[in-house]
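Since the structure comes first, as structure tokens, the remarks are kept for the end.
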Amino acid sequence: MSKFKKKQGGSTPAISTASLPDIVFMLLFFFMVTTVMRDKSLKVIVFTPKATEIAKLERKSLVSYIFIGKPLKPLQAVFGTEPRLQLNDAFATVNQIPEWIESERRQRAEVEIPLMTTSLKVDKETKMGIVTDVKQELRKVNALKINYSTKKTDKL
């Protein structure tokens, strides 16, 4: 008399897929909540230079970005290959910077205006002439808190 009986048939039971829709919807909601949509579409090519000493910005909601670089390939037929300035989603000239800074300031609360930072995302092959012109215009409208966007590297 044996206590244990050997199973007959040898087939394994089917895996239950009842919880699969719950898992799929949980992943879908997770990605919907955590994904940030891009608010600006770049029209210029920007490969930021590398740096060893960088600091991370704390309140990115107070940062306004100025992009400087060559226009994208499809836009080069219209705008040429010289580095251009992009403010928000449109090409701009250096003379439009004061108006843009004022519009950025109007969107923020009075308390946050001194904390605003202007970040320059400049292509590494762009010459400093246009960057200097942008900095001069920013200085004229008293937007003195400027940083340069870079990528971190261990050595140059």
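Remember, predicted model here, so these are calculated numbers, not experimental data.
- In the hydrophobic clustering (ILVMFWY side chains linked at under 4.5 Å, chained through shared members), Ile66 is joined by Ile68, Leu85, Leu87, Val94, Ile97, Trp100, Ile101, Leu120, Val122, Met128, Ile130, Val131, Val134, Leu138, Val141, Ile146, Tyr148.
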Exercise for the section: Decide side-chain contact (heavy atoms from CB on, under 4.5 Å) for Thr153 and Thr52; before the verdict, give the C-alpha distance in whole Å, the side-chain angles of both, and the deciding distance to 0.1 Å. Expected result: CA-CA 5 Å; Thr153 185; Thr52 55; 4.3 Å; yes

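- Side-chain heavy atoms closer than 4.5 Å link hydrophobic residues (I, L, V, M, F, W, Y) into clusters, and following such links, even through other members, never connects Leu57 to Ile113.
- In this structure the side chain of Lys140 never reaches within 4.5 angstrom of the side chain of Pro98, judged on heavy atoms.
- Qualifying side chain to side chain donor-acceptor pair (under 3.5 Å) partners for Lys127, counting only residues two or more places apart in sequence or in other chains: none.
- Partners of Arg108 by side chain to side chain donor-acceptor pair (under 3.5 Å), not counting sequence neighbours, listed by chain and number: Glu104.
- For Glu110, the CD atom counts as loosely surrounded, since its 6.0 Å shell holds 12 or fewer non-hydrogen atoms of other residues, nucleotides or ligands.
- No side-chain donor-acceptor contact under 3.5 Å links Thr48 and Ser149.
- Take Lys124 and apply the side-chain contact (heavy atoms from CB on, under 4.5 Å) test, not counting sequence neighbours, and it matches Phe47, Pro49.
- Residues satisfying the side chain to side chain donor-acceptor pair (under 3.5 Å) test with Asp123, not counting sequence neighbours, are none.
- No single ILVMFWY cluster, assembled from side-chain heavy atoms under 4.5 Å apart, contains both Val33 and Met26.
- Heavy atoms only, all atoms of each residue included: Arg59 and Leu115 are closest at NH1-CD1, 3.9 Å.
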Practice task
Using the side-chain contact (heavy atoms from CB on, under 4.5 Å) rule, take Glu102 and Glu99 through it: C-alpha gap first, then chi angles, then the decisive distance, then the call.
Solution key: CA-CA 5 Å; Glu102 283 302 317; Glu99 179 183 323; 5.8 Å; no

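- Shortest non-hydrogen contact noted between Ala143 and Thr118 is CB-OG1, 4.3 Å.
- For residues 13-45, no residue pair satisfies the ring pair (Phe, Tyr, Trp, His ring centres under 6.0 Å) rule, not counting sequence neighbours.
- Gln86 contributes no side-chain N or O that, together with a main-chain N or O of Pro71, makes up a donor-acceptor pair within less than 3.5 Å.
- For the atom pair NZ of Lys70 and CD of Glu82, the computed distance is 8.0 Å after rounding to the nearest 0.5 Å.
- With a 6.0 Å radius and a threshold of 12 heavy atoms from other residues, nucleotides or ligands, Glu112 has its CD atom above the threshold.
- Interatomic distance, CG of Asp89 versus NZ of Lys43, reported as 6.5 Å (0.5 Å rounding).
- Val24 and Ile15 fall into different hydrophobic clusters, where Ile, Leu, Val, Met, Phe, Trp and Tyr are joined by side-chain heavy atoms under 4.5 Å apart, directly or via other members.
- Residues Phe79 and Leu42 are members of one and the same hydrophobic cluster, defined by side-chain heavy-atom contacts under 4.5 angstrom among Ile, Leu, Val, Met, Phe, Trp and Tyr.
- Thr150 contributes atom OG1, which lies 11.0 Å from atom NZ of Lys50 (distance to the nearest 0.5 angstrom).
- Nearest heavy-atom pair across Gln96 and Thr93 is OE1-N, 2.9 Å.
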